[in-house]
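Working notes, structure below.
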Amino acid sequence: AVAIAAHPPSPGNRTPLGPLPAMRKRPASATGLGAESQQVGKRPAAHASGALADVPCTAPGSEEPARILRGPAAQSDAQLSSLGAALRGGRLVAFPTETVYGLGANGLDATAVLKIFEAKGRPLNDPCILHVPGVEEGLQLLDLSALEQAVFKALTAAVWPGPLSVVGRARPSVPREVTAQTDFVAVRCPNHPLALRLLQAAAVPVAAPSANRFGHISPTCADHVFEDLSHVSGLQILDGGSCGVGIESTVVKLDLEHSRVLVLRKGGTTREQLEAALAKGAAEGLFNGTQVTVEYHRPHAATSSRSHSNGSYVAQMTTSPDSTPTAATPSVTKPAAIDKLSASDEKREPDHETEAQQAPGMMLRHYAPSVPTYLLSQDAIGPEAGGSVPSHLGSPARSVLIDFSGRLRQHQALFLRCFDLCGAGAGAAAVHAAEGAEAEEACRYVFAVLREAEAFAQANEAEVICLADFATGGLQGSFAEALHDRLFRAASGRSAGLRLLEGRCAGEAAQLVVA
């Protein structure tokens with residue numbers, strides 16, 4: 001028999017959810033995004049304490065609660081065949097991948113896809129990635145030129161199955177609900193045995209964003225999914241253990257009109273891997289002499305164009321679509337957010353994220369805890385000085401610190417509790433990985449640590465969660481950039497500093513201030 005868990009984890013391990021805003025339902029007649037993005041569905045109700053009850057969560061009038069399928073029987077051919085049939089029939093199934101858990105629906109069924117948006121409270125302008133079991137199935141969803149096909153095959157030959165999603169022009173069979181009403185769709189073949197078996201059993205492309213509340217911390221185990229989506233009646237959550245990569249896939253767009261592959265979202269595939277795949281394809285003569293480069297998505301000219309200390313331009317942090325709009329991609333004139341991830345103390349314009357996004361994960365507030373969260377700038381740390389007084393956020397003694405490989409070790413004792421992305425235990429010395437691999441290790445655990453810190457902060461009424469800021473130069477290239485991207489978005493681009501106060505007792509020795 002399949003082991004079914006119809007209850008959340010024990011209270012000590014569960015992440016309580018705070019009060020959640022009501023969502024607006026999309027009108028049945030709506031076919032476009034309109035002047036502003038729409039959200040559909042409702043999020044789970046919470047008790048006054050902010051925590052969900054330890055009971056099966058069932059929609060009104062339904063007898064079927066969300067449940068986790070665990071154990072060997074849950075991974076049997078018969079069970080996966082049943083889950084595949086459920087997907088084909090328009091039901092939702094959450095499943096593991098090497099990156100994060102996905103909330104899947106039949107990607108060719110517009111009604112089923114809308115159930116994803118309803119379950120997550122996801123805005124309709126945020127597209128979904130279609131998951132496929134192989135290269136040929138991916139090509140069947142894309143309308144590509146000969147050169148685009150050659151580049152697609154070169155990239156997927158090097159990375160698939162793996163954490164790479166490729167955006168190309170969608171075929172008419174792809175519902176526009178998947179594409180955020182644009183003409184483009186991302187496809188991916190995940191590198192997880194259960195995911196691949198499920199996709200083969202489903203025999204349809206599976207639309208699957210992360211299986212969490214929209215904007216909340218991404219899930220890297222089945223219990224995380226249940227914590228966020230236990231309100232979804234009939235949801236089956238396939239337990240495949242913890243995710244090995246730990247952050248979402250890299251998303252690239254085929255932009256061969258400009259002889260480039262455009263990185264829209266940094267993730268589990270590095271820039272170096274992409275460049276190596278293209279170099280191999282060029283050496284084999286696949287591109288007919290065309291020199292194809294890898295570039296990061298650039299925001300509009302409203303943002304600066306400074307470079308990282310390692311010389312690579314990083315313009316991932318933007319709230320707008322591509323800077324070269326076409327008839328299929330709405331033009332955007334609004335200001336973008338800051339363009340250099342490690343310079344999060346820059347002032348940024350208010351974000352307006354109502355336009356159709358080119359890829360998931362591009363909105364500024366993403367992967368965010370329910371507790372106010374800030375990047376803690378090392379540059380801002382120093383003794384109290386004269387001049388203008390920055391806004392006071394609170395005391396570190398009532399705040400939680402998430403450090404990165406002990407970079408703020410000398411200040412950990414000031415905080416209510418400290419977690420480390422590369423180690424365990426409050427205030428303990430970090431467990432260092434090899435110098436070049438610490439960012440990759442931190443990526444593997446960042447979402448789990450964020451959820452643990454959120455749960456502790458809510459249980460202990462902490463005021464703020466601080467995330468150790470860092471420069472990406474000198475670390476493992478794109479993994480450090482992808483990690484910083486997640487931390488920056490978890491903090492909604494906000495930065496704080498630690499002001500050390502002289503002549504105060506230990507409990508009043510520092511203040512958190514807006515940097």
Side-chain angles (χ1 to χ4, degrees), residues 98-99 129-174 179 182-191 196 199-200 205 245 249-298 307 310-316 322-329 358-359 436 440 476-479 481-482:
E98 79 280 22
T99 58
I129 295 170
L130 291 181
H131 293 70
V132 294
V135 173
E136 292 305 316
E137 291 85 351
L139 285 172
Q140 291 172 13
L141 301 168
L142 301 173
D143 183 12
L144 304 180
S145 68
L147 179 58
E148 288 172 335
Q149 284 196 41
V151 172
F152 179 90
K153 290 180 178 179
L155 293 173
T156 55
V159 180
W160 279 15
L164 177 66
S165 299
V166 183
V167 176
R169 190 171 296 277
R171 290 188 183 272
S173 59
V174 177
T179 70
T182 71
D183 292 334
F184 296 89
V185 68
V187 296
R188 177 167 107 83
C189 177
N191 188 18
L196 290 172
L199 292 171
Q200 291 163 352
V245 173
S249 64
T250 298
V251 179
V252 299
K253 183 177 182 180
L254 301 177
D255 184 17
L256 278 306
E257 290 184 2
H258 299 92
S259 301
R260 65 181 182 175
V261 169
L262 195 63
V263 178
L264 301 179
R265 179 180 76 183
K266 299 179 182 73
T269 297
T270 67
R271 176 171 183 164
E272 293 78 9
Q273 288 174 292
L274 297 173
E275 290 175 337
L278 293 175
K280 184 174 184 294
E284 295 173 352
L286 301 181
F287 310 149
N288 294 323
T290 301
Q291 185 68 31
V292 182
T293 61
V294 177
E295 298 182 17
Y296 288 122
H297 170 60
R298 290 180 180 270
S307 298
N310 61 6
S312 63
Y313 183 94
V314 177
Q316 171 74 7
D322 193 355
S323 57
T324 55
T326 66
T329 304
Q358 291 191 91
E440 184 175 1
Q476 190 176 344
S478 297
F479 278 117
E481 293 169 358

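Index from 1, following the sequence. Only this structure's heavy atoms are used, side chains among them; waters, hydrogens and symmetry mates stay out.
Not a single donor-acceptor pair under 3.5 Å links the side chain of R260 to the backbone N or O of L254. Checking side-chain atoms of E98 against main-chain N and O of N191 turns up a donor-acceptor pair under 3.5 Å. Judged purely by atom type and a 3.5 angstrom limit, T182 uses its side chain to pair as donor or acceptor with the backbone of F184. No side-chain donor-acceptor contact under 3.5 Å links S249 to the backbone of L164.
L141 places a side-chain heavy atom less than 4.5 Å from the side chain of P205. Annotation: side chain of V159 is not in contact with side chain of C189 (no heavy-atom distance under 4.5 Å).
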### Task
Would you please test L147 and N288 for side chain to side chain contact (heavy atoms under 4.5 Å, CB included) and show each step?
CA-CA 8 Å; L147 179 58; N288 294 323; 6.0 Å; no
### Message
Evaluate F287 against L256 for side chain to side chain contact (heavy atoms under 4.5 Å, CB included), listing each step before the verdict.
### Response
CA-CA 10 Å; F287 310 149; L256 278 306; over 6 Å; no
### Task
Could you check D183 against T179 for side chain to side chain contact (heavy atoms under 4.5 Å, CB included), going step by step and ending with a plain yes or no?
CA-CA 7 Å; D183 292 334; T179 70; over 6 Å; no
### Task
Report the C-alpha distance between L155 and T269 in whole Å, list the side-chain angles of each, state the deciding distance to 0.1 Å, and finish with yes or no for side chain to side chain contact (heavy atoms under 4.5 Å, CB included).
CA-CA 11 Å; L155 293 173; T269 297; over 6 Å; no
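Note that CG of L130 and CG of L199 are 10.5 Å apart. Values are rounded to the nearest 0.5 Å. Interatomic distance, OG1 of T293 versus CG of L274, reported as 11.5 Å (0.5 Å rounding). Atoms NZ and CZ, from K253 and R265 in turn, are 15.5 Å apart once rounded to the nearest 0.5 Å.
R171 approaches L139 most closely through the heavy-atom pair NE-O, 3.6 Å. Here the shortest heavy-atom pairing between T270 and F479 reads CG2-CE1, 3.4 Å. The minimum heavy-atom distance between A158 and A277, with the atom names listed, is CB-CB, 3.5 Å. For R271 against V294, the heavy-atom pair with the smallest separation is NH2-O, 3.0 Å. The two atoms that bring T250 and G268 nearest to each other are OG1-N, 3.5 Å, heavy atoms only. For the pair P190 and V132, the tightest heavy-atom approach, listed with the atom from each and the gap, is CD-O, 3.7 Å.
A search for salt bridge (charged side-chain N to carboxylate O under 4.0 Å, His left out) contacts involving E284 returns K280, not counting sequence neighbours. Under the rule for a salt bridge (charged side-chain N to carboxylate O under 4.0 Å, His left out), E137 has no partner lying at least two apart in sequence or in another chain.
The pair R169-D143 does not meet the salt-bridge criterion, since no charged nitrogen lies less than 4.0 angstrom from a carboxylate oxygen.
Side-chain contact check for T99 and R188: at least one donor-acceptor pair (N or O, by modelled atom type) lies under 3.5 Å.
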